[in-house]
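Below you'll find the structure, written out as structure tokens, and then a few comments.
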Amino acid sequence: TYTGPTVDPDPTVTVDTTHSVTAEDLRMRKSVSPAQFSSEAGSDIATFTLTTDTSEYVTAADLELVDTLPGAYCPLGGSANYAPGSPAECDPGGGSPPTGAGYDSVTFDATAGAYTVRFALADLDDDDTTTVTFQARMRDSYAGGSNDGRPTVSGDTFTNRANVMGATSPIAGTGESGEQEVTDGGSATQSTAAPSVDKQTKPRDPSNLYSGDPLVDCAVGTAPAYGQ
């Protein structure tokens with residue numbers, strides 16, 4: 001404890017800080033599993049989860065969920081192969097169908113290198129929640145955009161963004177009235193695993209020693225000559 005003199009005779013120190021909290025009438029949250037991107041067969045399916053909530057003060061109608069999926073993936077579980085060129089790995093039977101809502105439409109923009117995936121959601125009551133999940137194949141190369149045809153490699157990251165849009169109406173007793181057009185968004189990102197090296201040395205076989213040129217038996221302590 002400091003007990004020496006102070007410049008100000010009053011040693012009291014005041015520190016201020018602030019924290020802001022936002023209240024949202026319509027909220028969308030997004031996540032992805034697994035956390036790491038992998039195009040290795042058997043572990044190359046990503047599951048995206050999109051959760052939409054209303055506050056306790058409003059209901060929501062005419063809800064549309066729009067997901068922008070990068071061209072390093074292809075959507076699975078629908079009624080068609082949505083990838084350009086219809087590669088077999090993107091056949092609809094390769095993954096589970098969406099849950100919570102089916103695909104309303106899926107389009108691919110070759111210039112942007114991304115899919116636009118649309119879901120029509122059911123109306124929500126106040127303090128309500130709905131969850132949509134869909135699956136996508138993690139591919140070993142990009143489709144469309146500036147990286148078209150290039151491989152997906154270690155060090156790449158892949159961000160999937162989504163927005164929910166709808167009309168909210170206040171419930172009775174809030175003192176509010178009128179419909180409001182509301183939009184909220186979220187994103188989920190997968191990273192790639194860093195490369196690693198696993199180096200091993202084969203154990204020395206003492207039963208098969210050879211001390212002649214060009215090999216030298218290290219056990220006898222003879223240093224190899226130059227070039228050996």
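Along the sequence shown, the residues carry numbers beginning at 1. Everything quoted here is computed from the prediction, not taken from an experiment. Side-chain atoms are counted along with the backbone in the values below, which use heavy atoms only and exclude waters and symmetry mates.
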field: Of all pairs that satisfy salt bridge (Lys or Arg N to Asp or Glu O under 4.0 Å), the ones with a partner from residues 54-78, not counting sequence neighbours
entry: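 Output for this query lists Lys30-Asp67, Glu64-Arg118.
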- request: Would you check if the side chain of Asn160 reaches a backbone N or O of Thr68 as a donor-acceptor pair within less than 3.5 Å?
  value: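 Checking the backbone N and O of Thr68 against the side chain of Asn160, a donor-acceptor pair under 3.5 Å is found.
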message: Between Thr157 and Ser191 (side chain of the first, backbone of the second, donor and acceptor by atom type, cut-off under 3.5 Å), is there such a pair?
response: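 No; judged by distance alone, with no hydrogens or angles, the pair does not exist.
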For residues 104-115, which side-chain N or O atoms pair as donor and acceptor with protein atoms under 3.5 Å away, sequence neighbours left out?
residue: Asp109; atom: OD1; partner: Thr111; partner atom: N; Å: 3.0
residue: Asp109; atom: OD1; partner: Ala112; partner atom: N; Å: 3.2

- prompt: Which residues, ordered by chain and number, are linked to Tyr57 in its hydrophobic cluster, where ILVMFWY side chains connect at heavy-atom gaps below 4.5 Å, directly or through other members?
  reply: Val58
Taking only residues two or more places apart in sequence, or in another chain, which ones meet [X] in a side chain to side chain contact (heavy atoms under 4.5 Å, CB included)?
X      : result
Asp125 : Asp128
Glu40  : Ser38, Ser43
Thr99  : Thr133

query: If you measure from CG on Asp44 to CE on Met138, what distance do you get to the nearest 0.5 Å?
result: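 So the gap between those two atoms works out to 6.0 Å.
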Donor-acceptor contacts under 3.5 Å from residues 82-93 side chains, at least two apart:
residue: Tyr82; atom: OH; partner: Ser79; partner atom: N; Å: 3.4
residue: Glu89; atom: OE2; partner: Arg139; partner atom: NE; Å: 2.8
residue: Asp91; atom: OD1; partner: Asn81; partner atom: ND2; Å: 3.0

message: Counting only heavy atoms from other residues, nucleotides and ligands, does the tally under 6.0 Å from CZ of Arg29 exceed 12?
response: yes
Atom of [X], atom of [Y] and distance for their closest heavy-atom approach:
X      : Y      : answer
Phe119 : Pro98  : CE2-CB, 4.2 Å
Val32  : Ala46  : CG2-CB, 4.1 Å
Ala162 : Leu50  : CB-CD2, 3.5 Å
Val132 : Ala101 : CG2-CB, 4.0 Å
Val117 : Pro75  : CG2-CG, 4.3 Å
Leu65  : Met28  : CD1-CG, 3.9 Å

message: Show every disulfide bond (SG atoms under 2.5 Å apart) that has at least one partner inside residues 115-181, sequence neighbours left out.
response: none
statement: Applied to residues 19-68, the disulfide bond (SG atoms under 2.5 Å apart) test, sequence neighbours excluded, yields none
message: Side chains of Ile171 and Thr59, heavy atoms from C-beta outward: is any pair under 4.5 Å?
response: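 SC-SC contact between Ile171 and Thr59 confirmed.
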message: Taking the side chain as everything from C-beta on, heavy atoms only, tell me whether Pro151 gets closer than 4.5 Å to Asp140.
response: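 SC-SC contact between Pro151 and Asp140 ruled out.
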field: Worked check of side-chain hydrogen bond (donor to acceptor under 3.5 Å, both in side chains) between Asp126 and Thr54
entry: CA-CA 6 Å; Asp126 54 294; Thr54 51; over 6 Å; no
Worked verdict on Leu26 versus Leu63 for side-chain contact (heavy atoms from CB on, under 4.5 Å): CA-CA 10 Å; Leu26 185 65; Leu63 292 167; 3.9 Å; yes
message: With ring-ring contact (aromatic ring centres under 6.0 Å, His included) as the rule and sequence neighbours excluded, what pairs involving residues 167-192 come up?
response: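 Non-adjacent pairs meeting ring-ring contact (aromatic ring centres under 6.0 Å, His included): zero.
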Summary of ring-ring contact (aromatic ring centres under 6.0 Å, His included) pairs that have at least one residue in residues 34-56, sequence neighbours excluded: Phe37-Tyr73, Phe37-Phe158, Phe48-Tyr73, Phe48-Phe134
message: So if I apply the side-chain hydrogen bond (donor to acceptor under 3.5 Å, both in side chains) rule between Tyr142 and each of Asp156, Asp148, Thr152, which one comes out positive?
response: Asp156
- request: Give the cluster check for Val182 versus Met165: same hydrophobic cluster or not, with ILVMFWY residues linked at side-chain heavy-atom distances below 4.5 Å.
  value: no
statement: side chain to side chain donor-acceptor pair (under 3.5 Å) pairs touching residues 163-188, sequence neighbours excluded, are none
message: With side-chain hydrogen bond (donor to acceptor under 3.5 Å, both in side chains) as the criterion, how do Thr129 and Asp53 come out once you've worked through the C-alpha distance, each side chain's angles and the decisive distance to 0.1 Å?
response: CA-CA 4 Å; Thr129 297; Asp53 309 299; 2.8 Å; yes
